[in-house]
Amino acid sequence: GLTVAMNANPVAGMPGQAQFTITYANPGNTPAQNARVRFQLDDRTSYVSGSASNGGVYDAAQREVVWNLGIVPSGAGERELTLKVAPVEA
């Protein structure tokens, strides 16, 4: 199966925004089929339009960004996905 890790950092010059980096790999001996990574936004954050890397798609109804990775080969090293969020204005 896939290993997944995530970290967040402030976006330089954009107060309140954060960039999330999701790192995934497949260290196993079997390819991961129909792999998908989902990032759920909470009610206090909004997705920064167009900021998802590598084909990530924002689903406004579900408040999540989804990456359909397809097949991740066995032994695949670390790969990164990124997106940006901003605080919801009150």
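These values consider heavy atoms only, across backbone and side chains, with no hydrogens, waters or symmetry-generated copies. It should be emphasised that the depicted structure is a prediction, and the values quoted were computed from it without experimental measurement.
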For the residue pair [X] and [Y], what are the closest heavy atoms and their distance?
| X | Y | answer |
| --- | --- | --- |
| A32 | N26 | N-ND2, 3.3 Å |
| A52 | V65 | CB-CG1, 3.9 Å |
| R79 | P73 | NH2-CD, 4.0 Å |
| E64 | L41 | CA-CD1, 4.3 Å |
| P27 | G1 | CD-O, 3.8 Å |
| A76 | A25 | O-CB, 3.6 Å |

For R63, does its backbone N or O pair with a side-chain atom of Q40 as donor and acceptor, under 3.5 Å?
yes
I'd like to know if the side chain of W67 reaches the main chain of S53, judged simply by a donor and an acceptor atom lying under 3.5 Å from each other, with no hydrogens or angles considered.
yes
Using side-chain heavy atoms (C-beta onward) and a distance below 4.5 Å, is [X] in contact with [Y]?
| X | Y | answer |
| --- | --- | --- |
| M6 | T23 | no |
| N7 | F20 | no |
| L81 | T21 | no |
| I22 | F39 | yes |
| V72 | P31 | no |

For residues [X] and [Y]: do they belong to one hydrophobic cluster (side chain heavy atoms under 4.5 Å, members Ile, Leu, Val, Met, Phe, Trp, Tyr)?
| X | Y | result |
| --- | --- | --- |
| Y24 | V66 | no |
| V37 | I71 | no |
| V88 | V85 | no |

Stepwise, does the side-chain contact (heavy atoms from CB on, under 4.5 Å) test hold for V48 with Q17?
CA-CA 9 Å; V48 175; Q17 285 192 17; 3.9 Å; yes
Just how far is it from atom CG of L69 to atom CG of L2, taken to the nearest 0.5 Å?
7.0 Å
Sequence neighbours left out, what passes side-chain hydrogen bond (donor to acceptor under 3.5 Å, both in side chains) with R36? Give chain and number order.
N68
List in chain and number order the residues that pass salt bridge (charged side-chain N to carboxylate O under 4.0 Å, His left out) with E78, two or more places apart in sequence or in another chain; answer none if no residue qualifies.
none
Using a cut-off of 6.0 Å, state whether more than 12 heavy atoms not belonging to N9 lie near its atom CG.
yes
